[in-house]
Amino acid sequence: MSTAPLAADKPEMLRLEGVHKHFGSHHVLRNVSLSVRQGDKVVLCGPSGSGKSTLIRCINRLVSHDQGRVLVEGIEVSDHARDLELIRRDVGMVFQQFNLFPHLTILENCTLAPMWARKMGKKDAEALALSLLERVHIPDQAHKYPPQLSGGQQQRAAIARALCMKPKVMLFDEPTSALDPEMVKEVLDVMTELAAEGMTMICVTHEMGFARKVADQVVFMDKGEIVEEAAPEEFFTAPRNERTRQFLCQILSHE
Amino acid sequence: MSFKGKVFLVWMLLAACFAAFVASFDLKLSLIADKLPFLLGLHLTPNGFIQGLPLTLFLCLAAMVFSTILGFLAALGRLSGNPLAYGLATFYTSFFRGTPLLVQLMLIYLGLPQLGPVPGAVPAGIIALSLCYGAYISEIFRAGIQAVPNGQREAAAALGLPRWLVMYKVILPQALKLIVPPLGAQFISMLKDSSLVSMVGLWEIMFLAQSYGRSSYRYMEMLLTAAVLYWLLSIVFEAIQARIEARFPQGRH
C-alpha cells in the first residue's frame, strides 16, 4: 500500500486532539491525537489495556471523552443527540463479538438501520442488503438467524450490516479475535477487498500480516498513549521506540 | 403408559383424595348449587352490574394492562440517567412494594376523597392493583432489560438508531424472553390479590363468597367454592402463559 505521508488534497475524515479519558481513577487515554484522511487505512495495535478499543469508541461516542476534541468530518462529537445520530450513520462499526441481533434474520439485521435511520423503503433496503451480503459472499444466509451461522459468516454479516448504512468510515474492533483460526482468513479477505475499494478504515487488530498488506499507517498504543505511528514497512522493520520493539518481538514470535 | 398419562393419573388420585377429604365435611351441596350461578356471574347484580367471576376477571385484566405499562415506565426511569425520572421511579417502587396492598387500597378509596376526587369502588380497585403490581413488575422489566448483552446496545447505537427504536426493536424483543415467565407469575398472584378488593364492597368472587357464607352460616361451602374458582382461573392463566412462552424460542448465540 502507499508509503507516502497522508496526502494533503484528501479531505480529513477524523481528527482526535488531545483526547483524555478516565474510567474512575484509571487514565485510559492520555493526550491522544490522531488525524485520518479519506481513504486511509489505519491499523491500531498494542497490548491489551492500552486503550485501543476505547479510542475507537470515542469516535462514535460509544464512550464519551473527558478532555480534548473528537471531530468526524469536521463535526465535533458531543452529547447533542441529533448530531450524534447523524455522525453514527456515517461511521460504521464492526465488533469483536459480532453483536448481530439474534432475534432477527440476517436480512432483517441489515435492513433495520437503512429503513429506520435512512428512511429507505423495504424493497430498496432488501435489495441493498442482498447486494452487500453478496459482496461478503454469504447471500444464501439472508433468511437464517445469526446463531445458525458460523463465526466467520456472522462477522461477515456484521460487516454487511454496517456497510448497509453506506458509511464513510469503518471502525473495526478486533474483528477476528473471537474467531476460530480457519475463519480468520475469510473475514480478513473481505476487509482487504473493502480497503482496496477505497474505504477509510481504522482497524484494531493483532493480525500483523493484514497490517503489513493493507495499512497505510500503523499506530502503536501502550498505556493509553500513542507511542509510535509509521507506515508499515518502517514500523515492522525499523521501529523507533523501544516499547514498540518489545511489543513486536512478543507478537511476531507467534507467526 | 406415557409420562403424561402417569402424571394425569397422579393428578386424578390427588383430586380424589381432596374430594374425599372435602366430602367428610358434610357440605350442603344444594347451597353451592344455588349460589354458584351468582359466583360465576351468570346473573347481574340488582343494580345491573357484573359480579362474581367476570368482575374478578375484569378487574384483573384492566390492572394487568395498567400495571404492565406502569412497570415498564418505572423500569425505564430506574435505568435512566435523568435524576427526576430515577427519583420518581425509585420512590414509587419503594412505597408500593413496601406497603400492604390492603393499605394502598384503603388510602385510595377512603383517603383520596380528602384531597378532592372521589373514586368509585371499581376504579379504586383497579388503581390500587395497578400501582401495587406495577412496582413489582418494574423490577422484572429492569432485570430483563439489563440482561440483554451490552454489545446489542452498542451495535444498535453504532448504526445510528435512535434510543426509542433500539429499545423497541432490539432490546425489548430479547428482554421479553426473560420477562414473560415472572410477569405471568405476577398476574397469577394478582388474581388472588384481587380478592382484597372485596374490602371496598365490589361484588367479586370473594365478596360474594363471604356474604353468602355469613348469611347462611355455611362458610366452608362458599369459601371452598371460591377457592376452586380461583384455582381454575389460575390454571387457565398458566396455560395461556405457557403458550406465550412457547413463542419465544430463539436462543442467544
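The sequence lines fix the lettering, A, B, ..., with proteins before strands; numbering per chain opens at 1.
Between the A:Glu85 side chain and the B:Ala157 main chain, no donor and acceptor come within less than 3.5 Å of each other. Checked by atom type and distance alone, the side chain of A:His103 pairs as donor or acceptor with a backbone atom of B:Lys169 at under 3.5 Å.
Heavy atoms of other residues, nucleotides or ligands lying less than 6.0 angstrom from CD of A:Glu182 number more than 12. The neighbour count for B:Phe237 CZ, taken as heavy atoms of other residues, nucleotides or ligands under 6.0 Å away, is above 12. Annotation: A:Phe23, atom CZ; neighbour count of heavy atoms from other residues, nucleotides and ligands within 6.0 Å is above 12. Annotation: A:Met183, atom CE; neighbour count of heavy atoms from other residues, nucleotides and ligands within 6.0 Å is above 12.
Residues of residues 158-167 of chain B lying under 4.5 angstrom from chain A, judged on non-hydrogen atoms, are B:Ala158, B:Leu159, B:Gly160, B:Leu161, B:Pro162, B:Trp164, B:Leu165 in numerical order. Using a 4.5 Å heavy-atom cut-off against chain B, the contacting residues of residues 106-136 of chain A are A:Leu112, A:Ala113, A:Trp116, A:Ala117.
Inter-residue side-chain proximity for A:Pro102 and B:Gln152 is flagged as met; some heavy-atom pair is nearer than 4.5 Å.
Contact count against chain B (heavy-atom pairs under 4.5 Å) is highest for A:Leu62 among A:Leu171, A:Leu62, A:Asn60.
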message = Show, in sequence, the C-alpha distance, side-chain angles and deciding distance for A:Met93 and B:Glu154, and conclude whether the side chain to side chain contact (heavy atoms under 4.5 Å, CB included) test is met.
response = CA-CA 9 Å; A:Met93 186 157 179; B:Glu154 287 199 312; over 6 Å; no
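Proximity to chain B (any heavy atom under 4.5 Å) is restricted, for A:Phe95, to the side chain, taken from C-beta onward.
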